[in-house]
Engineer: 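My structure is below; once you've seen it, I'll send some questions.
Every heavy atom of this structure was used, including side-chain atoms; hydrogens, water molecules and symmetry mates were not. By convention in this document, chain letters (A, B, ...) are assigned in the order of the sequence lines, proteins followed by strands, and residues within each chain are numbered from 1.
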Number of protein chains: 2
Amino acid sequence: MTEKRITIYDLARQLNTTASTVSRALQDHPGISKPMKEAVRKLATKLNYQTNYRALSLRKGFGNTIGILVPQVNRNFFATVIHGIETIAAASGYHVLICQSFESLSKEKIQLKNLLNGRVDGLIASVSLETKSCTHFESFMATGLPLVFFDRVPDTMDVSKITIDDYASAYKITEHLIANGCSRIALFGGPEHINIYRNRAAGYRDALNDNKLPVSGELHCVNAITRETGYQAMAELVSNGVAFDAVFAAGDYGALGAMLYAREKRIDIPGAVAITGYANEPFGEIIDPPLTSVDQHGIEMGRQSARMLIEEIEHKGESYIPREIVLRSEIIYRPSSQRNG
Amino acid sequence: MTEKRITIYDLARQLNTTASTVSRALQDHPGISKPMKEAVRKLATKLNYQTNYRALSLRKGFGNTIGILVPQVNRNFFATVIHGIETIAAASGYHVLICQSFESLSKEKIQLKNLLNGRVDGLIASVSLETKSCTHFESFMATGLPLVFFDRVPDTMDVSKITIDDYASAYKITEHLIANGCSRIALFGGPEHINIYRNRAAGYRDALNDNKLPVSGELHCVNAITRETGYQAMAELVSNGVAFDAVFAAGDYGALGAMLYAREKRIDIPGAVAITGYANEPFGEIIDPPLTSVDQHGIEMGRQSARMLIEEIEHKGESYIPREIVLRSEIIYRPSSQRNG
DNA sequence: TATTTTTGAACAATCGATTACATCATTGTT
DNA sequence: AACAATGATGTAATCGATTGTTCAAAAATA
């Protein structure tokens, strides 16, 4: 059952030569004669020799593997980013190791510890909702491993980051609601220690201010980015008798909760309440009415993250100046927010 | 910048002892004195020593890592199974390495090659849609690494497998459609070299036969499991003037395509055409009308897969008899298929 | 033919851990 | 006082690859 793995020593023995010769032959080293190379290769394929990654990476000190740490893979945005990373990684000869924090700080820390034990040569990460302090990421960096953040990035750290224009798109989508006749726009926000939610909230507020609309506290639902909290936030607005004619949700799932509540209570969308989301999850196109949202160009974000990280990995030793890239997002206008159309 | 990693040799040098003592101290070996253990541990934490996974796994011959190879992580079912696997893996001290085939045979082969190079101690897999022959999985097994398949499993291979009762649930859901007055039920199938689609189709056919309903070729849409192909299949049925009053889709995305076509053409669901899906993707609850589907208990499937694999890993050497587990699925009845109700 | 150059392959160190075995000092036994 | 038992470390081999150095034989040159 447990058949031994073939090693270069096995090959060497059968060919009456040494492991070093076998190793060089397999690498097409110039110092090895043609017939020897032939013989080695032939035997290697015959015995289905596979180079032992563990030995190789120990010897070389790197393993051509990049780690990805995301809150959840079961979100279209993250899955898409991963896809983008994989295309670039594969093209550059890197493998990808995916880990999830499930939005939990403690799990994030555990995953990070595993990763830096020599499993990866660099990391692409997006922090969990619970992550306020980043000491664990700092000790990851202290080991000298390159790190690139995307989307949810800690702003206290001096690392490469890639984000989208959260502020600008939130501003723009809020103005879109205003243009559609909304003046009392509720904000379904997320934890503001996370850059994206802070920036989206800021864009929303500034758009209101610039349009001479009041920013009201009762319209600010602090934690409403899941389906459940979105539903609840909507329910509370209604039951508290708060007057509002739109919801700007900082995430699609919060918007979904709002829509489901509206459906249940027969609140007309967008007639009574216009709704917009954020992330352009696929269900937004399916739901009735289809949901206006912001596409974050996940594939591109993934590609750029991977390129940055690989560059850092391959220039290791030379001091690398962290870069920050901000991608332009795209607002996808759908019926949930358009009153005249 | 590139700060050297601390090794046990560094610790030994600073403590005027040897690496073996340090190693033993860190493992709480009984032969090491208390004060020495204390000193080692203190220095280790002070210098933030991390054991080198590459060296460790080379030495030990295993790395406490299990690989997962799935078509896509961006499917609720697969993401859920992965979650289930992770819970068990974490509890047993294993890490998880996730890879995607993106439904492509060639990518599946590449991922598999990477995995067997000593990166994992065992693999949990579900094959891609393109996978007809399994020689690549056989050569994975030939290296002696344990392998467990779930859901989409090759029936030619003698390995542990975990599936759900596709046949039974398809039979039952077809009878449900019949009970709702449907007699001309279209089958939106998938490639029948994949066990699950073959079994679902068989359950459908047998239910029709047992209820004395004809199995008509024109109602069998061979490849309709994506949103696009589902849409197209529906369009073709209609444009070919085929009489049908229900769709049993072997996958939720095929059902989604059908529903979107129906929505576009104002075909009443379930009045004119009743529709059922398979996999219980979350959008099924959101879409209007909500979609009847089959829940596959992904978490449980993941848990059991992980348990089986870990057991095989830890009993390596002893010859292991492959097991097959069939889980009971659950039909989630929703309005898309209920005419009286 | 004697000497130098080239060629092809062997030798041995290394990566960072673990672990069987050897060694030494101490304590206990008779 | 002689000897065994114990406890605490050190020595060295090992996992499977890579690679700088060495070395012998063959080829080229004088």
Side-chain angles (χ1 to χ4, degrees), chain A residues 2-41 43-44 47-65 114 116-119 121 143-144 316, chain B residues 2-41 43-44 47-65 116-119 121 143-145 316:
Chain A
T2 314
E3 327 183 9
K4 272 269 186 306
R5 287 184 59 130
I6 307 290
T7 71
I8 50 172
Y9 295 93
D10 299 323
L11 300 183
R13 203 174 313 119
Q14 293 201 35
L15 292 166
N16 276 317
T17 178
T18 59
S20 54
T21 300
V22 171
S23 169
R24 278 191 261 251
L26 290 170
Q27 294 173 79
D28 204 16
H29 186 103
I32 302 292
S33 65
K34 278 236 169 80
M36 179 60 100
K37 281 181 187 170
E38 268 311 304
V40 170
R41 283 196 200 124
L43 189 64
L47 299 184
N48 190 29
Y49 165 80
Q50 301 282 348
T51 106
N52 184 318
Y53 167 79
R54 290 170 178 147
L56 183 66
S57 66
L58 171 60
R59 175 64 226 250
K60 292 218 163 190
F62 57 85
N64 282 297
T65 304
N114 296 339
L116 57 67
N117 277 355
R119 251 170 247 269
D121 303 314
T143 66
K316 213 169 145 188
Chain B
T2 315
E3 327 183 8
K4 272 269 185 308
R5 287 185 60 132
I6 308 291
T7 72
I8 50 171
Y9 295 93
D10 299 323
L11 299 182
R13 202 174 314 119
Q14 292 201 35
L15 292 166
N16 277 317
T17 179
T18 59
S20 54
T21 300
V22 172
S23 170
R24 280 190 263 251
L26 291 171
Q27 294 174 79
D28 205 15
H29 185 103
I32 301 292
S33 66
K34 278 237 170 78
M36 179 58 100
K37 281 181 186 171
E38 268 311 302
V40 170
R41 283 196 199 124
L43 188 65
L47 299 185
N48 191 29
Y49 165 79
Q50 301 282 347
T51 106
N52 184 319
Y53 167 79
R54 289 170 179 149
L56 183 64
S57 65
L58 171 60
R59 177 64 226 254
K60 293 218 162 188
F62 57 84
N64 282 297
T65 304
L116 57 69
N117 278 354
R119 251 169 247 269
D121 303 313
T143 67
L145 288 177
K316 213 169 145 188

Engineer: With sequence neighbours left out, write down each residue that passes side chain to side chain donor-acceptor pair (under 3.5 Å) with B:Arg119, or none if nothing qualifies.
Structural biologist: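 Listed in chain order: A:Tyr53, A:Thr65, A:His95.
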
Engineer: With a 3.5 Å distance limit and no angle check, can you tell me whether B:Arg24 reaches the backbone of B:His29 through a side-chain donor-acceptor pair?
Structural biologist: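 Checked: no pair found.
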
Engineer: What salt bridge (charged side-chain N to carboxylate O under 4.0 Å, His left out) pairs are there with at least one residue in residues 9-18 of chain B, not counting sequence neighbours?
Structural biologist: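 Found B:Asp10-B:Arg13.
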
Engineer: To the nearest Å, give me how far apart CG (B:Asp10) and C1' (C:dA17) are.
Structural biologist: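 Going from B:Asp10 (CG) to C:dA17 (C1'), I get 13 Å.
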
Engineer: Students often get this wrong, so: under 4.0 angstrom with heavy atoms, is B:Gly61 touching a base, only sugar-phosphate, or nothing?
Structural biologist: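 Answer is nothing: B:Gly61 stays at 4.0 Å or more from every strand.
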
Engineer: I'd like to know if the side chain of B:Arg54 reaches the main chain of A:Gly61, judged simply by a donor and an acceptor atom lying under 3.5 Å from each other, with no hydrogens or angles considered.
Structural biologist: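 Checked: pair present.
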
Engineer: To the nearest 0.5 Å, how far apart are CG in B:Asn52 and CD1 in B:Ile6?
Structural biologist: 12.5 Å

Engineer: Taking atom types as modelled, is there a side-chain donor on B:Thr21 or B:Thr18 under 3.5 Å from an acceptor on the other?
Structural biologist: yes

Engineer: Within this structure, what is the NE2-to-P distance between A:His29 and C:dT7, rounded to whole angstrom?
Structural biologist: 13 Å

Engineer: Go along nucleotides 10-17 of chain D 5' to 3' and tag each nucleotide: B for a protein heavy atom under 4.0 Å from its base, S when only backbone or sugar atoms are that close, - otherwise.
Structural biologist: BBBBBBBB

Engineer: May I have the distance from B:Asp28 (atom CG) to D:dA8 (atom C1'), rounded to whole angstrom?
Structural biologist: 15 Å

